[in-house]
Amino acid sequence: MVVTRIAPSPTGDPHVGTAYQALFNYVFAKQQGGKFIVRLEDTDRSRYNPTSERRILEMLEWIGLSPDESPTKGGPGGPYVQSQRLPIYQQHVQMLLESGAAYRAFDTAEELAAVREAAQKAGHKEQGYNRRYRDYPVAESERRAASGEPHVVRLKVPQGGKTIVHDLLRGPIEFENAALDDKVILKADGYPTYHLAAMVDDHLMGVSHVIRAEEWITSTPFHILILRAFGWDEPVWCHTPLLRNPDKSKLSKRKMDTSVDSYRAQGFLPEALLNYLGTMAWSMPDGREIFSVQDMIEHFSLERISLGGPVFDLNKLKWMNGKYIREVLSVAELAERARPFLERAGLSAPSDRYLQQVIEAMRARFETLQEFVDRSRYFFSDEYPMQENARAKLREGAGFFPELREQLARLPDMLQDATEPLLKAFAEARGLKTAAVMQPLRAALTGSLETPGIFDLLTLLGKERVLERLERATPQ
RNA sequence: GGCCCCAUCGACUAGCGGUUAGGUCACCGCCCUUUCAAGGCGGCGGCAGGGGUUCGAAUCCCCUUGGGGUCACCA
């Protein structure tokens, strides 16, 4: 059975890279009739962030990549939080200690730093651990450990030969074992390092395919060595390209907005964000660019992942979000999603019908739900900003506003059948171009020159508000 | 710097020995539109360079260059 996983570290905001990895792991697992696991890697106490954990899990639900097994859902391989699995790791490390595949090292942090510094000064190329305790007498090691002396446990990496990583996308990648380090697998605080914990968990949880970012390639030989030390089989390794900043470096919050929560707050739709991520290093066989996760599951193959590192382009993400807004979601759905944004801005719609009508009119004019709110304020409140270019138009119309208002007031309603002839006749009677009437009117009604069509505006705003705003726009 | 990965328009990509190198975003122009968008049509723009292999290379191999990742008791 195919089992995939993501193993995020709860250290901060839910990262788009996590959503990206989740997408590929989820889609592949679902397509193969397998399962998708989420496991939290919180073995670094110093970087642990208590709210991050919950937010990562919530993010996955929001975006629609719900795991089959996770800290909140549980499952046969649980617990799914590494800090709750300490006995398991310690037990496994003990096995390696007993088999001689690992050894205790009693170097202090200061000693290591000093050694490293000395090596650097001497211009040594080898930067790894000096393996001081690799051949330390076992009895002595046992004694010092038993006496409570702080220590770490390191893996005894073979000093000759090579380890080959068979990457699904890149073929065999060779590493000289001599160039590898005796990495720490159990820290002095009793917590395992990522390398040990991830391999033990992947094995115990039955993970068949490790689909992860390419930054892990260089530590994969070490992972393979851990697996071998236990006598376990390797999963299929598949390293996907890293999402990039515009300058091509690894996507980072210093240079880009990497928080999924932030995109959510800006009014990006989960479907659109997911669709966009799906076009990063992957493409639909038929070239379609707008596709759902379900479409992706139907046509996915790991082999179609391209290897160049894709730049995360906010511009195209926005375009795609707009595409979903105007062509994929129904007006009713959009209304429901827009409502919380409206409320957060202190606005509310008098009715579902009205909200939907406004959205229909605005649909092609916003690309995020926040933009919708920002650009539609005049539909929901009489307090809206007057833009500078609109103010200028207002002055042009000031002279005829009272008369225009008078005439509009005599109409039974503001429907186009009545308002259009009126506006045209009104302009003609004064020797004005129709636009010379419409633009000042638009400015008076909305404070803006970028709005839906004037007749939609009149209809939606209704007679009462139209007359009121016209009056308000007329200088006393 | 060592090791490792990668390389098609500015960006995302299609291409997997024979194509006028296709599509999308962005940009520019035109159309539609008495606003702004959206939409339609068109345009600009690319196989990093050099060697091979081959009748024939964007496609295969090598070198160079460039970019990236990684070298923690972080993941």
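The sequence lines fix the lettering, A, B, ..., with proteins before strands; numbering per chain opens at 1. All values reported here derive from a predicted model rather than from experimental measurement.
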- Of the listed B:rG68, B:rC4, B:rA75, the closest approach to the A:E41 side chain comes from B:rA75
- Reckon A:R442 has a side-chain N or O less than 4.0 Å from the OP1 or OP2 of B:rC36? no
- Query: How long is the line joining CD of A:E303 and P of B:rA14, in whole Å?
  - Reply: 14 Å
- Item | Among B:rC12, B:rC4, B:rC73, the nucleotide that comes nearest once only the side chain of A:V184 is considered | B:rC73
- Query: Expressed in whole Å, how much space separates the C1' atoms belonging to B:rG22 and B:rG29?
  - Reply: 22 Å
- Query: Are A:R132 and A:Y129 in a cation-pi contact, defined as NZ or CZ under 6.0 Å from the six-membered ring centre and within 45° of the axis?
  - Reply: no
- Looking only at B:rU34, B:rC12, B:rA75, the nucleotide nearest the A:D44 side chain is B:rA75
- Message: Roughly how many Å apart are B:rG52 and B:rA14, using the C1' atom of each and rounding to a whole number?
- Response: 28 Å
- Task: Check the distance between B:rA72's P and A:D107's CG and give it to me in whole angstrom.
- Result: 14 Å
- Do A:R170 and B:rC5 have a side chain to base donor-acceptor pair shorter than 3.5 Å? no
- For A:A102 and A:I185, which heavy atoms make the closest approach, and how far apart are they? CB-CD1, 4.0 Å
- Listed nucleotide nearest any side-chain atom of A:R365, set B:rG69, B:rC74, B:rA37: B:rA37
- Mind checking the P distance from B:rU20 to B:rC36? Whole angstroms is fine. 42 Å
- Task: Pick base, sugar-phosphate or nothing for A:R326, based on heavy-atom distances below 4.0 Å to the nucleic acid.
- Result: sugar-phosphate
- Look at all strands and tell whether A:M362 reaches a base, only sugar-phosphate, or nothing, counting heavy atoms closer than 4.0 Å. nothing
- Query: Rounding to a whole Å, what distance do you find between A:N275:CG and B:rU13:C1'?
  - Reply: 14 Å
- Looking only at atom C1', what distance separates B:rC61 and B:rC3, rounded to whole Å? 23 Å
- Note on the structure: Atom CH2 of A:W319 and atom P of B:rU24 are separated, to the nearest Å, by 9 Å
- Message: Is there a side-chain contact between A:T218 and the phosphate of B:rC3, meaning an N or O under 4.0 Å from OP1 or OP2?
- Response: no
- Message: What's A:P452 touching, base or sugar-phosphate or nothing? Going by heavy atoms closer than 4.0 Å.
- Response: base
- Message: Work out how far the C1' atom of B:rG46 is from that of B:rA58, and round it to whole angstrom.
- Response: 10 Å
- Task: Write down the distance between CH2 (A:W216) and C1' (B:rC6), rounded to a whole number of angstrom.
- Result: 20 Å
- Item | Sugar-phosphate, base or nothing in reach of A:K424, heavy atoms under 4.0 Å | base
- Item | Nearest-Å distance once atom C1' is located in both B:rG69 and B:rG50 | 27 Å
- Task: Using heavy atoms to find the nearest nucleotide of RNA chain B for A:E289 and A:P285 separately, return the residue whose nucleotide is more 5′.
- Result: A:P285
- Task: Mind checking A:V311 for me? I need base, sugar-phosphate or nothing, with any heavy atom below 4.0 Å counting as a touch.
- Result: sugar-phosphate
- Message: By the 4.0 Å heavy-atom rule, please label A:E176 as base, sugar-phosphate, or nothing.
- Response: nothing
- With no hydrogens and no angle check, do the side chains of A:D247 and A:S249 hold a donor and an acceptor under 3.5 Å apart? yes
- Message: Heavy atoms only, 4.0 Å cut-off, all strands: where does A:L112 land among base, sugar-phosphate and nothing?
- Response: base
- Opposite nucleotide pairing with B:rG1, Watson-Crick or G-U, both atom distances under 3.5 Å: B:rC71
- Query: If you check every side-chain atom of A:S9, which of B:rA75, B:rG67, B:rC4 has the closest atom?
  - Reply: B:rA75
- Query: Which part of the nucleic acid, if any, lies within reach of A:L449 when heavy atoms closer than 4.0 Å are counted: base, sugar-phosphate only, or nothing?
  - Reply: base
- Query: Can A:Q370 and A:Q266 be counted as having a side-chain donor-acceptor contact under 3.5 angstrom?
  - Reply: no
- Task: Indicate the atoms forming the closest heavy-atom contact of A:A443 with A:A390, along with that distance.
- Result: CB-O, 3.4 Å
- Query: So does A:R304 get a side-chain nitrogen or oxygen closer than 4.0 Å to the phosphate oxygens (OP1/OP2) of B:rG15?
  - Reply: yes
- Short side-chain N/O contact from A:R154 to OP1 or OP2 of B:rC73, under 4.0 Å: yes
- Expressed in whole Å, how much space separates the P atoms belonging to B:rA26 and B:rU65? 38 Å
- Task: Select one nucleotide: of B:rG68, B:rC12, B:rC36, the one nearest the side-chain heavy atoms of A:E450.
- Result: B:rC36
- Can a side chain N or O of A:T279 be found less than 4.0 Å away from OP1 or OP2 on B:rU24? no
- Task: Name the residue closer to the 5' end of RNA chain B, choosing between A:L307 and A:D313 according to the nucleotide with the nearest heavy atom.
- Result: A:L307
- Have a look at A:T43 and say if it touches a base, only the backbone sugar-phosphate, or nothing, with a 4.0 Å heavy-atom cut-off. sugar-phosphate
- When all nucleic acid strands are considered with a 4.0 Å heavy-atom cut-off, which category describes A:S249: base, sugar-phosphate, or nothing? sugar-phosphate
- Message: Students often get this wrong, so: under 4.0 angstrom with heavy atoms, is A:G322 touching a base, only sugar-phosphate, or nothing?
- Response: nothing
- Calculate the interatomic distance between A:D456 atom CG and B:rA37 atom C1'; express it in whole Å. 13 Å
- Task: Scan A:R244 against the nucleic acid and name what it touches under 4.0 Å (heavy atoms): base, sugar-phosphate only, or nothing.
- Result: sugar-phosphate
- Task: Let me know the distance between CG of A:L277 and C1' of B:rU13, rounded to the nearest Å.
- Result: 15 Å
- Query: Between B:rA26, B:rC12, B:rA75, which nucleotide has the shortest distance from any of its atoms to the side chain of A:K187?
  - Reply: B:rA75
- Task: Report yes if a donor N or O on one partner sits less than 3.5 Å from an acceptor N or O on the other, where the partners are the side chain of A:K393 and the base of B:rU35; otherwise report no.
- Result: no
- Message: Using 30° and 60° as the class boundaries, would you call the ring planes of A:H195 and A:W216 parallel, tilted or perpendicular?
- Response: perpendicular
- Message: Counting only side-chain nitrogens and oxygens, does A:K323 get under 4.0 Å of the OP1 or OP2 atom of B:rA38?
- Response: no
- Task: Answer with base, sugar-phosphate or nothing: what part of the nucleic acid does A:Y276 contact at a heavy-atom distance below 4.0 Å?
- Result: nothing
- Task: Applying side chain to side chain contact (heavy atoms under 4.5 Å, CB included) between A:H15 and each of A:I56, A:L243, A:L251, A:D261, report the one that passes.
- Result: A:L251
- Do A:E289 and A:T279 meet the criterion of a side-chain donor-acceptor pair at a distance under 3.5 Å? no
- Item | OP1 or OP2 of B:rA37 under 4.0 Å from side-chain N/O of A:K318 | no
- Task: Report the nucleotide, chosen from B:rG39, B:rC25, B:rA75, that has the shortest atom-to-atom distance to any side-chain atom of A:K316.
- Result: B:rC25
- Note on the structure: Side-chain contact check for A:A435: nearest option of B:rC5, B:rC12, B:rU34 is B:rU34
- Task: Ignoring hydrogens and angles, state whether a donor on the side chain of A:R442 or A:Q439 is under 3.5 Å from an acceptor on the partner side chain.
- Result: yes
- Message: From C-beta outward on A:T434, which listed nucleotide comes closest to its side chain: B:rC3, B:rG68, B:rU34?
- Response: B:rU34
- Name of the residue among A:W237, A:F36, A:F28 meeting ring-ring contact (aromatic ring centres under 6.0 Å, His included) with A:H209: A:F28
- Would you classify A:G309 as touching base, sugar-phosphate or nothing, given that sugar-phosphate means primed atoms plus P, OP1 and OP2, and contacts are heavy atoms under 4.0 Å? sugar-phosphate
- Message: Rounded to whole Å, how long is the line connecting atom CD1 of A:I217 with atom P of B:rC5?
- Response: 7 Å
